[in-house]
Every structure is written in structure tokens, then in C-alpha cells.
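Below, chains carry the letters A, B, ... as their sequence lines are ordered, and counting in each starts from 1.
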Number of protein chains: 2
Amino acid sequence: MTFPRSTPPEPQPHLPETPHPPQRHPGGRRPGENRTREQILDAARECFAERGYDATSVRRIAETAGVDQALVHHFYGTKEKLFLNALEIPMRMPEALAEAAAGDRAGLGSRIVLAHLRVWEDASARPAMMTTLRSAATHRSAAAVLRDYATGTIREALGKVITGEDAELRIALIATTLIGLSLTRYLVRLDPVPEASPQELAARLGPVIDLHLDPADPAA
Amino acid sequence: MTFPRSTPPEPQPHLPETPHPPQRHPGGRRPGENRTREQILDAARECFAERGYDATSVRRIAETAGVDQALVHHFYGTKEKLFLNALEIPMRMPEALAEAAAGDRAGLGSRIVLAHLRVWEDASARPAMMTTLRSAATHRSAAAVLRDYATGTIREALGKVITGEDAELRIALIATTLIGLSLTRYLVRLDPVPEASPQELAARLGPVIDLHLDPADPAA
DNA sequence: GTCTATATAACGATAGAC
DNA sequence: GTCTATCGTTATATAGAC
């Protein structure tokens, strides 16, 4: 229960004004039930991921979703609340990292990099992560989600195998490595990085992770 | 002549409409000459660095500079052009990196990290770099300046000492390391990273740079 | 639930007096 | 060079009909 979902400043305890599912059905999903709410959220992630928070208007999200602008406000209240819902590190990420960390110690760093990239390469998970990364520099809530990814997911996956001095700092630097990789690969697109294969990147960055997990010398 | 200054889409060849120094003086700076233009630029860097491009209004920049809003447009035309002027990797950065790279091979990675941090820690250079880094995720021009820093400055400083396979990728990954470090230290503020000393960070990341400069094995 | 119409506010930018 | 006043646009958000 660490945080598949984000950590917004307001946890929005019940949302009494938002008509979630208006009526519950014992036998599962009502046939022909409304999917508009999810369509709007998907469209929001798509737009936020592509252009960032400020450059994305509610009108554009509505247009992308194929609905009216007023509906966006009807379901999510404000643009900011919709944004908080769009921020997310997908559940698959903690799962993938935990699975990579569970295996043998040899090649652990490489597997971590591959797991990180596998989730990022997944088209269905991309928009939410892209939204988070792109907005982290300008939006506190997005930065908070990114921090949670680092000190939550990564720390949880690697906390058991890491030992020695400055373990906290070294975990943070592993997170820095992965976040920096996503930044230059998917956002800034720094020349050979976007074109490199996951295997190449794992070959280059796996040893870096391993170095943080198991430093050679305190001083040289 | 690589790029102390940025690489904006329009190089603004002569700026015929902008009254740079209205009249030249043979004996140097005219006493009591106008410093308003620089005040505005400094204020813009301060605001852009703190809140990003979109969240910064021209009105706010003017207020920070202690001048009228119309003056900002008078000197820089549009907000976008002012932003392009605010984007900059300070001259000191290429100098510092080149100096670090010139020394002995032992401890090279550590010296690179220290040089990078030394410039970032300088209060006078910070706003321009912060503006660049903060806006890189949402503004093409800022991302371009960041790419130039990587493929220009870093490549120029380390291109001679790096050899072997995938040299381009490995240089880009060194840039990724430094940019990622600035991201988690100054922007996202990922927990122990902002509090760590430059020496601690150099001790942890120096070997990473060295690993990219001189990889141990193609495959393990 | 969905749409039309609109209230309200802030923005970038300009014109023109001094 | 500096300021006052304002134009035109666009944004979020809401009220209310259907």
C-alpha cells in the first residue's frame, strides 16, 4: 500500500460532490455503463503528457475526449483536480522492479534498468508517467509523485539488498540514474539515448546501478 | 565558439528595433548609463527559475525588476524573446569542465562532478541554469540549450579522453548523470541528495563517470 | 448526463502622452 | 526611457436548459 496512486496535497477524502458510480450493481458492471469519465482521464493524460499542464487547456482535453468542456468540470471539478488524477506511477512499475530485485544478485543492476524501461516502453503506461515527469519541474504535486517513486517503489525494491555506508544517498542516486535516463530518452531526447536499445542501455547503466548497490571503495 | 549563449530558433541577427547602447563611448562605460535592461533580464531569470515560463507573467517580472510592464516589452519585444535571452549555460561551465578534464586521468570523474556542482552552487550562475533546467521539460528552446550543453560542452571537454565502443552513447550517459544530479538536487529535491556535500556526491558519482569513460567489459 | 451560454479574471501586447 | 491606459484574446469555471 505504498503508492500505485499519487500523493496529492489534498487526499480528497470522499469527494461527496462527484457522482462516481451513481448506483452499484451486485452482478458487476452495468451493461452500457458510462465510460465518459475514463475517456476524459485518458485524454487528459495524453494532453498533459504531450504539452504539460499549463499549455493544456480544458477545452483541448474535452476535444480530445470527444466531449463537451463542461463535462470535464462536471466530473473532475477543476483542472487541477483532473491533473492530480492524471498523475500516476502505474502499478506495473513497483511490480516490475520488485520482480527484477527478487532474482539473483548477478546482473541485478541490468535487470532493474530493463524493468524500468519495459514499463516506460509500454504505450498504455506511458502517458501517465510522461505527465508526471514532464510536470515535475513546474508542479509540486508531480514532483511529489516522482519523489514517492524514488523513496517508495525503488527503496522498497532495493532496500533489502543494499547495505553499507550512505545507503539512503545511494538509493537516491539509483533513482537519479533511472529518472535521468527517462529524462534524456523520452523528454529531452538527448541524441543517441532515444535510439539505443534497452539492452544497450542496460549494459551501460546496469554496472552503474551495481556500483551504487555495492560500492568498491569508500575512497580511492 | 560553441555556445556560452543559447541556441534559440531565431538568432536575431541585428535587432534593429532594440536600442542596445544608444550611443557608444570610446572611453568605456558612460557614467550613470542605463542598467534597466540588465535589471529586467536578471528579474526574468529569477522568476523563470523559480516558477517556470508559463507561471511567470510579464507583469511579475516587471514588478520584480521594479519597472513598468511596458518597459519589458520595450526592451525585449515579447515574453518569448525575453525568455530566450534568459536561457543560458554560463560561460563558466565550459571553462570549469575543460579545466577539470585537462588534469590527470586519475580522479577525472570526481573532478567533473565537482566542477559541475561548483558552477551550480554559484548564486550568480544559478538562475540562468535553473531557468534552463526547469523549462526543458515544457519548452523546446530550453531543451535545445540543455542538449547543447551535453553534446557541446561535455562532449568538447571529454571527447578527447573517451575511446572505445559507443563513445557517443557513453558521453550522452555522462551528460545524463550530471543533468539527473541537478534535477534531483536542485529541482525535485529528492531527499538526501540536496543535503549531501559536493565531496560526497563526487565520491559516489565520480566512479560512475569513470565507468562510462572507461568501461570494464563489453559484456559480463 | 450532456450541452449552450456566459460570468469573470488574467494574460500578452500596443498606442501614445510625457 | 518611462509610464498610463487599454485593446483583444483566451483561459477557467459556473448557471441553467434539456
Side-chain angles (χ1 to χ4, degrees), chain A residues 10 12 15-25 29-41 43-44 47-48 51-86 135 138-139 141, chain B residues 10 15-25 29-44 47-48 51-86 135 138-139 141:
Chain A
E10 356 164 352
Q12 295 165 269
L15 301 198
E17 81 287 6
T18 320
H20 250 139
Q23 54 219 28
R24 200 170 291 253
H25 269 260
R29 207 173 195 277
R30 207 253 220 84
E33 183 106 326
N34 235 332
R35 238 192 56 84
T36 311
R37 192 186 170 91
E38 278 74 23
Q39 281 176 15
I40 291 174
L41 185 58
C47 294
F48 286 143
R51 313 162 67 90
Y53 180 86
D54 296 292
T56 298
S57 66
V58 174
R59 282 169 163 85
R60 186 182 190 86
I61 295 174
E63 190 189 12
T64 303
V67 302
D68 189 273
Q69 184 213 186
L71 267 189
V72 178
H73 286 107
H74 176 65
F75 280 115
Y76 292 95
T78 69
K79 182 187 177 185
E80 178 76 15
K81 284 184 189 168
L82 172 57
F83 178 68
L84 293 180
N85 278 277
S135 308
T138 45
H139 249 79
S141 334
Chain B
E10 357 165 349
L15 300 196
E17 80 289 4
T18 321
H20 248 137
Q23 55 220 27
R24 202 171 289 253
H25 268 260
R29 206 174 197 279
R30 208 254 219 79
E33 183 105 328
N34 235 332
R35 240 194 53 85
T36 311
R37 191 187 171 90
E38 277 73 25
Q39 281 177 16
I40 291 173
L41 186 57
D42 285 344
C47 294
F48 286 144
R51 314 161 68 88
Y53 180 85
D54 297 292
T56 298
S57 65
V58 174
R59 283 169 163 85
R60 185 182 190 87
I61 294 173
E63 190 188 13
T64 304
V67 303
D68 189 272
Q69 185 213 185
L71 268 188
V72 178
H73 286 106
H74 176 66
F75 281 115
Y76 292 95
T78 69
K79 181 187 178 185
E80 177 77 15
K81 285 183 188 168
L82 173 57
F83 178 68
L84 292 180
N85 277 277
S135 308
T138 44
H139 248 78
S141 333

Once you round to the nearest 0.5 Å, how far does CZ of B/R37 lie from CG of B/L71? 11.5 Å
Would you give me the side-chain donor-acceptor pairs under 3.5 Å for residues 54-63 of chain B, sequence neighbours excluded?
residue, atom, partner, partner atom, Å
B/T56, OG1, B/C47, O, 3.3
B/T56, OG1, B/G52, O, 2.7
B/S57, OG, B/R60, N, 3.1

Atom-to-atom span, CG of A/L71 to P of C/dC3 - whole angstrom: 6 Å
Is any side-chain heavy atom of B/D42 closer than 4.5 Å to a side-chain heavy atom of B/Q39? no
Tell me whether A/K81 contacts the main-chain N or O of A/F75 through its side chain, where contact means a donor paired with an acceptor under 3.5 Å. no
Short side-chain N/O contact to D/dG1 OP1/OP2 from B/T36, under 4.0 Å: no
Tell me whether B/K79 contacts the main-chain N or O of B/Y53 through its side chain, where contact means a donor paired with an acceptor under 3.5 Å. yes
Nearest-Å distance for atom pair CD/C1', residues B/E38 and D/dG1: 14 Å
Measuring from A/T36:OG1 to A/D68:CG, what's the distance to the nearest 0.5 Å? 11.5 Å
Classify every nucleotide of nucleotides 4-18 of chain C by which part a protein heavy atom approaches to under 4.0 Å, writing B for the base, S for the sugar-phosphate alone and - for neither, in 5'-to-3' order. B------BBBB----
Starting at atom CD of A/E63, determine the distance to atom C1' of D/dA11, rounded to an integer number of angstrom. 15 Å
Give the rounded distance in Å between these two atoms: CD1 of A/I61 and C1' of D/dA13. 14 Å
